[in-house]
Amino acid sequence: MKLQLAGLIFIFILQGSAADNSDTSEFPIRRSRVLSTWQSSFGDGQTCFFNRSQTEEASVVSDKQKSYRFFHSKGKSQADGGFHWFAVQLNEPVLISSVTVKGREDGVQYTYNRVIDIEIWTSSWSRRVFSGDEHCTSRSMSGQFNDSLPKWTLCGVINSSLESITRGELLTVSCENGTSKPAHHLLLRKDVSSKEPDTDDDDVMSFADLRLQVRRPKNPPASSPNSASNATFSATVSALVFVLTALICGVALLKLKLKSRQLQSSSPEAKLSNVPDNPAGVAKAVRKTLRPRVTARSCEPECSYLSVNPNAEPADNSDRNSDTASDCTVYLE
């Protein structure tokens, strides 16, 4: 019983190891993590995301007064098809569970609201969805998006019912619905066709940081260097679980059969099951089973031989003076 319990615990451990082979982590959108980016406009006095140096990027991320420069569009006059656009092609496919956008950390109150109403889209298309070299001021993103619309999945929209955003607030949109495939592209856009400048419903799209919460695939793509070792490990674990389960079941079944045989052999019916049909055999089997003990009492000195015939009629010893009468009395116990 202890062996079986230990085996079951071992199986659960192996199954847990095999099942829990996904890694949840954060994927910050940085210049080093993307292959290419496109945006419809960028504010005066800044560099667009694609042309930003590593030093500039570190300053934007760490300095609150410069945080708005992470992404900052112009007004609606520079919108493309009524939207401000920002798209990135990731340097690796990732399973996106959610997207977190950070509001700007400096400026007047209404500028914090520029993160409201941003739509977040993903695409599993491995090739470039957007073409051209206009990484900073693309004027064709609206048309290319409409042409490739079947390749895109909407994660969600940053809640437009919020009246205001606090300084540096983190806003997360879930992408669990409909994003079972790894994403190669991420797109943020905001409709500013009906918005007015310098109001709580401002016509600029701006945010201070962009991060993805990702889950690594349980079965990495074939191009991954770890795919072969992970597949081998999973197969080995499955084989061990199967063999150990079969072994435990076999031991339990064997113990059950042995116990059943012991119970059957210890019953009186089993002891008499092989008794032969002839009378002499019956008497012998009865003597062997019941183990009778014969004792002689009140025997005369000249009584030198005693035998018992199980088929003989009981002796009549009523006449002790008869010449044929036995001088011994036999008792069966």
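Here the structure is a predicted model, which is why all the values come from computation and not from measurement.
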Self-check item: Qualifying residues under side chain to side chain contact (heavy atoms under 4.5 Å, CB included), relative to A208, sequence neighbours excluded
Solution: S67, K102
Practice problem: Only pairs at least two apart or in different chains count here, so list each disulfide (SG to SG under 2.5 Å) that has a residue in residues 47-83. | Solution: C48-C136
Practice problem: Using side chain to side chain contact (heavy atoms under 4.5 Å, CB included) as the criterion, list what pairs up with S126, not counting sequence neighbours. | Solution: H184
Quiz item: Does any pair with a residue in residues 90-99 pass salt bridge (Lys or Arg N to Asp or Glu O under 4.0 Å), and if so which ones, sequence neighbours excluded?
Solution: R33-E92, E92-R216
Quiz item: Who else is in the cluster with L254 when I, L, V, M, F, W and Y are joined by side-chain contacts under 4.5 Å?
Solution: L258
Quiz item: What residues, two or more places apart in sequence or in another chain, satisfy side chain to side chain contact (heavy atoms under 4.5 Å, CB included) together with D200?
Solution: Y110, N113
Quiz prompt | Partner set under side-chain hydrogen bond (donor to acceptor under 3.5 Å, both in side chains) for S53, not counting sequence neighbours | solution = E56
Quiz prompt | Listed partners of F50 passing ring pair (Phe, Tyr, Trp, His ring centres under 6.0 Å), at least two apart | solution = H135
Practice problem: Could you tell me which non-hydrogen atom of F42 sits nearest to which non-hydrogen atom of T137, and how far apart they are? | Solution: CE2-CG2, 4.0 Å
Quiz item: Taking only residues two or more places apart in sequence or in another chain, which ones pass ring pair (Phe, Tyr, Trp, His ring centres under 6.0 Å) with F49?
Solution: F70, F86
Practice problem: May I have all residue pairs that pass salt bridge (Lys or Arg N to Asp or Glu O under 4.0 Å) and include part of residues 201-214, sequence neighbours excluded? | Solution: E26-R211, R30-D209, R114-D202, K195-D201, D209-R211
Exercise. Report the hydrophobic cluster partners of L35, with the cluster defined as I, L, V, M, F, W, Y residues connected by side-chain heavy atoms closer than 4.5 angstrom, directly or transitively.
Key: none
Self-check item: All side chain to side chain contact (heavy atoms under 4.5 Å, CB included) counterparts of S140, not counting sequence neighbours
Solution: S138, Q144
